[in-house]
Amino acid sequence: MHLQWRLKKFDALTPLELYDILRLRNEVFVVEQQCVFQDADNLDQPSHHLMGFRDAQLVAYTRIIPAGVAYPMASIGRVVTAPSVRRTGAGKLLMQESIDKLFQLYGPVPIKIGAQLYLKSFYEGFGFRRVGDVYLEDGIEHISMERPVS
(Lines give C-alpha, C1' and ligand atoms only; values in the text may rest on other atoms or scores of the structure.)
Protein backbone atom coordinates (compact mmCIF):
# COMPACT_ATOMS: atom_id res chain seq x y z
CA MET A 1 0.00 0.00 0.00
CA HIS A 2 1.33 3.40 -0.95
CA LEU A 3 -0.01 6.54 0.69
CA GLN A 4 0.84 10.16 0.06
CA TRP A 5 1.48 12.00 3.32
CA ARG A 6 0.80 15.59 4.33
CA LEU A 7 1.68 17.08 7.71
CA LYS A 8 0.21 20.46 8.62
CA LYS A 9 -0.39 22.68 11.60
CA PHE A 10 -4.05 23.34 12.31
CA ASP A 11 -3.94 26.90 10.94
CA ALA A 12 -2.47 25.67 7.65
CA LEU A 13 -5.24 23.14 6.95
CA THR A 14 -7.48 24.02 4.04
CA PRO A 15 -11.24 23.94 4.64
CA LEU A 16 -11.45 20.80 2.49
CA GLU A 17 -8.68 19.05 4.47
CA LEU A 18 -10.35 19.93 7.77
CA TYR A 19 -13.70 18.70 6.46
CA ASP A 20 -12.12 15.41 5.31
CA ILE A 21 -10.43 14.94 8.70
CA LEU A 22 -13.66 15.52 10.61
CA ARG A 23 -15.62 13.31 8.20
CA LEU A 24 -13.18 10.40 8.63
CA ARG A 25 -13.05 10.76 12.41
CA ASN A 26 -16.85 10.86 12.58
CA GLU A 27 -17.24 7.93 10.18
CA VAL A 28 -15.13 5.70 12.41
CA PHE A 29 -15.34 7.01 15.96
CA VAL A 30 -19.00 8.11 16.00
CA VAL A 31 -20.83 6.00 13.42
CA GLU A 32 -18.81 2.77 13.19
CA GLN A 33 -17.95 2.57 16.90
CA GLN A 34 -21.38 3.95 17.88
CA CYS A 35 -19.82 6.39 20.31
CA VAL A 36 -21.37 9.75 21.02
CA PHE A 37 -18.57 12.02 22.22
CA GLN A 38 -17.23 15.55 21.86
CA ASP A 39 -14.65 15.15 19.07
CA ALA A 40 -13.89 18.88 18.97
CA ASP A 41 -11.87 18.91 22.20
CA ASN A 42 -9.58 21.92 21.67
CA LEU A 43 -6.55 19.67 21.13
CA ASP A 44 -6.64 20.11 17.36
CA GLN A 45 -5.47 23.73 17.36
CA PRO A 46 -2.01 23.20 18.96
CA SER A 47 -1.44 19.94 17.05
CA HIS A 48 0.08 18.88 13.77
CA HIS A 49 -2.21 16.82 11.55
CA LEU A 50 -0.85 13.87 9.58
CA MET A 51 -2.99 12.92 6.62
CA GLY A 52 -2.51 9.87 4.40
CA PHE A 53 -4.12 9.97 0.97
CA ARG A 54 -4.79 7.25 -1.57
CA ASP A 55 -5.99 8.50 -4.94
CA ALA A 56 -6.69 11.97 -3.47
CA GLN A 57 -8.95 10.50 -0.76
CA LEU A 58 -8.08 10.82 2.93
CA VAL A 59 -7.80 7.26 4.26
CA ALA A 60 -5.43 7.59 7.24
CA TYR A 61 -5.04 10.25 9.89
CA THR A 62 -3.47 11.12 13.25
CA ARG A 63 -2.89 14.26 15.20
CA ILE A 64 0.51 14.84 16.76
CA ILE A 65 0.17 16.71 20.03
CA PRO A 66 3.11 18.58 21.59
CA ALA A 67 4.25 17.86 25.14
CA GLY A 68 2.34 19.71 27.82
CA VAL A 69 -0.98 19.84 25.95
CA ALA A 70 -2.73 16.49 26.48
CA TYR A 71 0.03 14.87 28.57
CA PRO A 72 3.38 15.99 29.98
CA MET A 73 4.99 14.19 27.01
CA ALA A 74 4.25 14.39 23.29
CA SER A 75 1.35 12.30 22.07
CA ILE A 76 -0.26 10.78 19.00
CA GLY A 77 -4.04 10.72 18.96
CA ARG A 78 -7.16 10.20 16.89
CA VAL A 79 -5.43 7.35 15.07
CA VAL A 80 -7.85 6.33 12.33
CA THR A 81 -7.94 4.50 9.02
CA ALA A 82 -10.86 4.33 6.61
CA PRO A 83 -12.64 0.97 6.45
CA SER A 84 -11.62 0.72 2.78
CA VAL A 85 -7.91 0.37 3.66
CA ARG A 86 -8.11 -1.89 6.69
CA ARG A 87 -6.05 -5.09 6.58
CA THR A 88 -3.79 -3.59 3.91
CA GLY A 89 -1.02 -2.43 6.24
CA ALA A 90 -2.25 1.18 6.15
CA GLY A 91 -2.56 1.31 9.95
CA LYS A 92 1.04 0.22 10.42
CA LEU A 93 2.23 2.73 7.83
CA LEU A 94 0.22 5.44 9.57
CA MET A 95 1.61 4.70 13.01
CA GLN A 96 5.22 4.50 11.80
CA GLU A 97 4.85 7.72 9.82
CA SER A 98 3.31 9.38 12.91
CA ILE A 99 6.25 8.36 15.12
CA ASP A 100 8.74 9.49 12.46
CA LYS A 101 7.03 12.87 12.05
CA LEU A 102 6.79 13.36 15.82
CA PHE A 103 10.56 12.75 16.09
CA GLN A 104 11.20 15.21 13.23
CA LEU A 105 9.14 17.84 15.05
CA TYR A 106 10.32 17.29 18.64
CA GLY A 107 13.38 15.05 18.51
CA PRO A 108 13.66 11.54 19.95
CA VAL A 109 11.29 12.05 22.90
CA PRO A 110 9.05 9.67 24.84
CA ILE A 111 5.47 9.40 23.56
CA LYS A 112 2.26 8.78 25.49
CA ILE A 113 -1.03 7.62 24.02
CA GLY A 114 -4.49 6.71 25.22
CA ALA A 115 -5.22 3.49 23.32
CA GLN A 116 -8.36 1.46 22.91
CA LEU A 117 -7.68 -1.73 24.85
CA TYR A 118 -8.26 -4.06 21.91
CA LEU A 119 -5.37 -2.36 20.07
CA LYS A 120 -2.81 -2.98 22.84
CA SER A 121 -0.75 -5.52 20.87
CA PHE A 122 -0.83 -3.30 17.75
CA TYR A 123 0.80 -0.44 19.67
CA GLU A 124 3.21 -2.79 21.45
CA GLY A 125 4.57 -3.56 17.98
CA PHE A 126 5.79 0.05 17.89
CA GLY A 127 7.48 -0.07 21.28
CA PHE A 128 4.60 1.21 23.41
CA ARG A 129 4.08 -0.35 26.84
CA ARG A 130 0.98 -0.28 28.99
CA VAL A 131 1.06 1.99 32.03
CA GLY A 132 -1.83 1.96 34.48
CA ASP A 133 -5.22 0.36 34.65
CA VAL A 134 -8.01 0.01 32.12
CA TYR A 135 -10.32 3.03 32.09
CA LEU A 136 -13.53 3.87 30.28
CA GLU A 137 -13.50 6.75 27.86
CA ASP A 138 -16.80 7.43 26.16
CA GLY A 139 -17.92 3.90 27.03
CA ILE A 140 -14.89 2.21 25.40
CA GLU A 141 -12.12 0.47 27.37
CA HIS A 142 -8.80 2.30 27.04
CA ILE A 143 -5.31 2.05 28.48
CA SER A 144 -2.49 4.54 28.76
CA MET A 145 0.64 3.50 26.91
CA GLU A 146 4.10 5.02 26.72
CA ARG A 147 6.96 4.61 24.28
CA PRO A 148 10.28 5.45 25.93
CA VAL A 149 13.10 7.14 24.07
CA SER A 150 14.93 4.45 22.11
Side-chain angles (χ1 to χ4, degrees), residues 1-35 37-67 69-71 73-130 137-138 140-150:
M1 158 127 318
H2 176 74
L3 298 177
Q4 295 176 327
W5 299 104
R6 282 186 222 157
L7 179 70
K8 291 188 173 185
K9 289 277 297 171
F10 182 81
D11 291 343
L13 293 170
T14 68
L16 181 58
E17 288 169 333
L18 181 57
Y19 180 87
D20 286 345
I21 288 167
L22 295 174
R23 181 199 49 77
L24 180 58
R25 287 175 13 182
N26 280 286
E27 176 185 2
V28 174
F29 299 134
V30 177
V31 177
E32 181 182 318
Q33 295 182 355
Q34 299 180 3
C35 183
F37 76 109
Q38 182 63 42
D39 184 38
D41 59 2
N42 289 315
L43 296 179
D44 288 317
Q45 297 93 322
S47 299
H48 282 82
H49 300 267
L50 179 63
M51 301 164 281
F53 292 88
R54 183 180 72 177
D55 300 327
Q57 181 179 3
L58 181 67
V59 295
Y61 167 83
T62 61
R63 67 180 176 190
I64 299 171
I65 307 169
V69 175
Y71 302 110
M73 57 187 76
S75 181
I76 298 168
R78 296 292 197 262
V79 179
V80 62
T81 57
S84 63
V85 297
R86 302 233 179 99
R87 299 187 190 346
T88 65
K92 289 180 180 178
L93 291 173
L94 173 63
M95 201 60 208
Q96 188 58 60
E97 188 74 14
S98 298
I99 292 167
D100 293 347
K101 294 298 186 199
L102 187 147
F103 286 173
Q104 287 175 15
L105 291 167
Y106 308 120
V109 297
I111 304 169
K112 183 168 185 169
I113 61 172
Q116 292 184 6
L117 180 60
Y118 84 96
L119 291 168
K120 176 180 173 279
S121 61
F122 172 78
Y123 291 114
E124 286 174 339
F126 295 94
F128 287 90
R129 297 294 168 248
R130 177 179 173 168
E137 184 174 310
D138 303 312
I140 298 173
E141 291 184 321
H142 281 71
I143 53 173
S144 291
M145 300 186 82
E146 294 179 3
R147 184 181 191 277
V149 177
S150 31

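Residues Asp100 and Gln96 bring a donor and an acceptor atom of their side chains to less than 3.5 Å of each other.
Separating the CG atom in Leu3 from the CE atom in Met51 is a distance of 13.0 Å, to the nearest 0.5 Å. Going from atom CD1 of Ile21 over to atom NZ of Lys8 covers 9.0 Å, rounded to the nearest 0.5 Å. Ser121 contributes atom OG, which lies 12.5 Å from atom CZ of Arg130 (distance to the nearest 0.5 angstrom). For the atom pair NE2 (His48) and CD1 (Ile65), the distance works out to 12.5 Å, reported to the nearest 0.5 Å. Between Asp44 atom CG and Lys9 atom NZ the span is 11.0 Å, to the nearest 0.5 Å. Rounded to the nearest 0.5 angstrom, Leu93 CG and Trp5 CH2 are separated by 6.0 Å.
Here the closest non-hydrogen pair linking Ile111 and Ser75 is CG2-CA, 4.1 Å. Contact detail for Gly127 and Pro148: the closest heavy-atom pair is O-CD, 3.8 Å. Shortest non-hydrogen contact noted between Phe122 and Gly91 is CZ-O, 3.5 Å. When all heavy atoms of Pro110 and Met73 are compared, the pair lying nearest together is O-CB, 3.8 Å. Ala12 approaches Glu17 most closely through the heavy-atom pair O-OE1, 4.2 Å. Contact between Ser47 and Pro66 at its shortest, heavy atoms only, is CA-CD, 4.2 Å.
Arg25 places no side-chain N or O within 3.5 Å of a backbone atom of Val80 that could act as its donor or acceptor partner. A donor-acceptor pair under 3.5 Å is absent between the side-chain atoms of Asp55 and the main chain of Gln57, judged by distance alone.
Using a 4.5 Å heavy-atom cutoff, the side chains of Val28 and Thr81 are not in contact. Counting only heavy atoms from C-beta outward, the side chains of Phe29 and Asp138 never approach each other to under 4.5 Å. A heavy-atom distance below 4.5 Å is not found between the side chains of Glu137 and Gln116. Side-chain atoms of Arg129 and Arg147, non-hydrogen and from C-beta on, never get closer than 4.5 Å to each other. Looking at heavy atoms from C-beta onward, Tyr118 lies out of side-chain contact with Glu141 at the 4.5 angstrom threshold.
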TODO: Given side chain to side chain contact (heavy atoms under 4.5 Å, CB included), test Val149 with Phe103 step by step and report yes or no.
DONE: CA-CA 10 Å; Val149 177; Phe103 286 173; over 6 Å; no
Open item on the list: Using the rule given for side chain to side chain contact (heavy atoms under 4.5 Å, CB included), can you reason through Tyr71 versus Ile113, listing the C-alpha separation, both sets of side-chain angles and the distance that settles it, and then say yes or no?
Closed with: CA-CA 9 Å; Tyr71 302 110; Ile113 61 172; 5.8 Å; no
Open item on the list: Between Met95 and Ile76, is the side chain to side chain contact (heavy atoms under 4.5 Å, CB included) condition met? List the steps.
Closed with: CA-CA 9 Å; Met95 201 60 208; Ile76 298 168; 3.8 Å; yes
- [ ] Take Asp41 and Arg78, measure what side chain to side chain contact (heavy atoms under 4.5 Å, CB included) needs, and give me the verdict at the end.
- [x] CA-CA 11 Å; Asp41 59 2; Arg78 296 292 197 262; 3.2 Å; yes
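Atom CD of Gln45 is surrounded by more than 12 heavy atoms from other residues, nucleotides or ligands within 6.0 Å.
Checked options Val79, Ile99, Leu102; the residue passing with Thr62 is Val79 (criterion: side chain to side chain contact (heavy atoms under 4.5 Å, CB included)).
A cation-pi arrangement, defined by a distance under 6.0 Å to the six-membered ring centre and an angle within 45 degrees of its axis, is present between Arg6 and Phe53.
Remark: Phe128 pairs with no residue by the ring-ring contact (aromatic ring centres under 6.0 Å, His included) rule, at least two apart or across chains. Under the rule for a ring-ring contact (aromatic ring centres under 6.0 Å, His included), Tyr19 has no partner lying at least two apart in sequence or in another chain. For Asp20, there are no side-chain hydrogen bond (donor to acceptor under 3.5 Å, both in side chains) partners two or more places apart in sequence or in a different chain.
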